[in-house]
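One structure is given here, and the rest of the page talks about it.
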Amino acid sequence: MIIKPRVKDFICLTSHPEGCKENVRRQIEYVKNQPKVDLGKRVLVIGASTGYGLASRICAAYGSGASTIGIIFDKPAHGKRTATAGWYNTAAFEEIAKADGLYAKTINGDAFSQEIKAKTIELIKKDFGQIDMIVYSLAAPRRTTADGTMYSSVLKTVDKPFTAKTLNLKTNEVTEATLPPATPEEVEATIKVMGGEDWADWMHALKDADVLAPNALSIAYSYIGSKITYPIYYEGTIGAAKQDLYKTAENLRKEGFNAVISVNKALVTQSSSAIPIVPLYVAVMYRVMKDKNVHEGTIQQMSRLWHEYLSKDNPVKDDEGRIRIDDLEMRDDVQETIFKYWDIVNNDNLKQYADVEGYWNDFYNLFGFGFDNVDYDADVNPDIEIDLVK
Ligand code: NAD
C-alpha cells in the first residue's frame, strides 16, 4: 500500500508505519544521547502511544533503563484503513526496545474502564510484583464511567462567548473564531473526562492491589499557557478539568501518595490541534521560541523533566506544588514577544510572525509523514502486528 496523508480538519486519517517508526527512533536517539537517570525500573505509562505519554515511555526506557507497561487506545490497520499513529508508534517502540533488551508490554483498551485497570494489575503482579512510577498522560474526548454513563468533553469557555484570531487549518489563513460558553453540564462532563477522578481511581486500584512500590511516583500532565489562550484554555472547560486534576494531586498527597503535576509546554499533538485558537498561538509561539533558540519538542520537554526535576530530591515547584517545564514558554521576554506578534499577525505577514510551516511539520510528523529519510512512494505493509497483552 502506498500511504499518503489524508488530512481532515485537525486530524490526519492515515498514518505511515515507516514514518512513525522514524519518529520513535529519533526520540529514542535523543534520549540515548542524554545522561542516565534512575527513576525506578518498573514504569507504567497510561496514554503511552503518542505525544507526552510516548515521550515519557521513551525517557523511562532509555533514560532510566526501565521496563515499561504502556496503556494505549489504538486501532490496527483494517481493510483500506491504516492503523492509527499510536498503533505504529507502539509497534516501533516495542520492536526497538525489545531488540535493545528492554521489557516493553502494551495493553490496548479503554484506560477509564475497570477491566483495563484489572488487566494492568494482573500483569504488574505477574511480571513486576510492584511498580515504581506511574505516568498518567491521557487526553481523551470521552469517558464511560463504571455505571455506564458516557461523558464527552467540550472545548468551550465557561461564561461568555470568546472571539479571537485563529488559524484556519483548511486554508492556512488567519480568521476569527468564536467559542460559545459551555452549559454547566458540559463543564461537569469535561471535568469527568479530563479531571483527576480517573487518575485517583488508578492510584487507589494499584494501592488496593498492593502493587505500588514504597513511595512510588505518580505524575500527571497539565497546561496553563499564555493570557492569549486563557479564555479558551486556563479559564475554559479544559482549565476547569485541570483545576480538578490539581485538587486530585493534593488529595492524593494527603492520602500518602507521591503524586505530582508537571505543567508542560504547548506543542502540536493530536489533542492540542483540536483546540480552537491554540494552533495560531502555537505557530506564533514556535516562531518566537525558535528565534530565541529555546524551542523544545515533546521528547526534549520530557527529557528535561526526567533530568532536571524528577531525578532531584527536592525539585523546584511553583506555589501550588507543580513542576513547571513550561518555564521557557512562560518566560517574560517570550510572552511579551508573543503578545506583540499576536497583535499584528495577519494574512499578509503570517510567515513573518508565525511558524505555520513548523506547525504543519510537527503535525505531519505525528502521523509519520514529512521525514526526509522515509520513502513515501514505496509500497509498505500497513498490517503491523503488536504482541499485545491478552
Ligand atoms: P495525545 O493525544 O498525543 O496523547 C493521548 C494519549 O492518550 C494517547 O496515547 C491515546 O492513545 C491515549 N488515550 C486516549 N484515550 C484513551 C483511553 N480511553 N484509554 C487509553 N488510552 C487513551 O495527547 P498529549 O497532548 O500528549 O496529552 C497528554 C497530556 O499532556 C494531557 O493531560 C494534556 O492535557 C497534557 N498536555 C498537553 C500539552 C500539549 O500542548 N499537547 C501541553 C501540556 C500538557
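By convention here, the first residue in the shown sequence is residue 1. In each ligand, atom 1 is the first atom listed, and ligand 1 is the first ligand listed.
Residue Ser222 places a heavy atom under 4.0 Å from ligand 1. Residue-ligand proximity: Lys242 is placed with a non-hydrogen atom under 4.0 Å from ligand 1.
Heavy-atom contacts from other residues, nucleotides or ligands closer than 6.0 Å to CD of Glu255 number more than 12. Heavy atoms from other residues, nucleotides or ligands lying under 6.0 Å from CZ of Arg6 number 12 at most. Surrounding CG of Asp147 are more than 12 heavy atoms belonging to other residues, nucleotides or ligands, all under 6.0 Å away. Within a 6.0 Å radius of NZ in Lys125, no more than 12 heavy atoms belonging to other residues, nucleotides or ligands are found. By the neighbour-count criterion of 12 heavy atoms within 6.0 Å, atom NZ of Lys36 is densely surrounded, having more than that number from other residues, nucleotides or ligands. More than 12 heavy atoms of other shown residues, nucleotides or ligands fall within 6.0 angstrom of atom NZ in Lys119.
The closest non-hydrogen atom to atom 37 (C) of ligand 1, taken over Tyr52, Tyr136, Tyr223, comes from Tyr52. Selection from Ser272, Gly109, Ser271 by nearest heavy atom to atom 23 (O) of ligand 1 gives Ser271.
Near Leu138, with a cut-off below 4.0 Å to any heavy atom, the atoms of ligand 1 are 7 (O), 13 (N), 16 (C), 20 (C), 21 (N), 22 (C), 31 (C), 32 (O). For ligand 1, the atoms closer than 4.0 angstrom to any heavy atom of Ser137 are 5 (C), 6 (C), 7 (O), 28 (C), 29 (C). Atom numbering of ligand 1 starts at 1 in the shown order; those under 4.0 Å from a heavy atom of Phe112 are 18 (N). Annotation for ligand 1: atoms under 4.0 Å from non-hydrogen atoms of Ala266 are 40 (O). Within ligand 1, counting atoms from 1 as listed, the ones closer than 4.0 Å to a heavy atom of Asp74 are 11 (O). Listed by number with element, the atoms of ligand 1 under 4.0 Å from a non-hydrogen atom of Gly51 are 3 (O), 26 (O). For ligand 1, the atoms lying closer than 4.0 Å to a non-hydrogen atom of Ala48 are 9 (O).
Both the backbone and the side chain of Asp110 come within 4.0 Å of ligand 1, counting heavy atoms alone. Within the 4.0 Å heavy-atom criterion, neither part of Arg143 lies near ligand 1. Contacts between Ala220 and ligand 1, counted as non-hydrogen atom pairs separated by less than 4.0 Å, are absent for every part of the residue. With a 4.0 Å heavy-atom cut-off, ligand 1 is reached by no atom of Ile238.
In terms of protein heavy-atom proximity, atom 3 (O) of ligand 1 is nearest to Thr50 OG1, 2.9 Å. The protein heavy-atom contact nearest to atom 15 (N) of ligand 1 is Ala140 CB, 3.5 Å. Among protein heavy atoms, atom 25 (O) of ligand 1 sits closest to Thr269 OG1, 2.6 Å. Counting only heavy atoms of the protein, atom 11 (O) of ligand 1 lies nearest to Ser49 OG, 3.1 Å. Closest to atom 14 (C) of ligand 1, if we only count protein heavy atoms, is Ala139 O, 3.3 Å. In terms of protein heavy atoms, atom 40 (O) of ligand 1 is closest to Leu267 N, 2.8 Å. Considering only non-hydrogen protein atoms, atom 30 (O) of ligand 1 sits nearest to Tyr221 CB, 3.5 Å. Atom 17 (C) of ligand 1 has Phe73 CD2, 3.5 Å as its closest protein atom, hydrogens excluded (heavy atom only).
Centroid-to-centroid, the aromatic rings of Phe339 and Trp342 stay 6.0 Å apart or farther. Tyr376 and His16 have their aromatic ring centers within a separation under 6.0 angstrom.
Annotation: cation-pi pair Arg322/Tyr246 present, NZ/CZ under 6.0 Å from the ring centroid and within 45° of its normal. Cation-pi contact between Lys242 and Tyr234: absent, since separation from the ring centre below 6.0 Å together with deviation from the ring axis within 45° is not met.
For the 3.5 Å distance criterion, the side chains of Arg57 and Thr68 qualify, holding a donor opposite an acceptor. With hydrogens and angles left out, the side-chain atoms of Gln335 and Ser226 include a donor and acceptor closer than 3.5 Å.
Criterion: ILVMFWY side-chain heavy atoms under 4.5 Å apart, direct or through other members. Under it, Trp87 and Ile28 are not part of a common hydrophobic cluster.
Using a 4.0 Å cut-off between charged nitrogen and carboxylate oxygen, Lys254 and Glu250 count as a salt-bridge pair.
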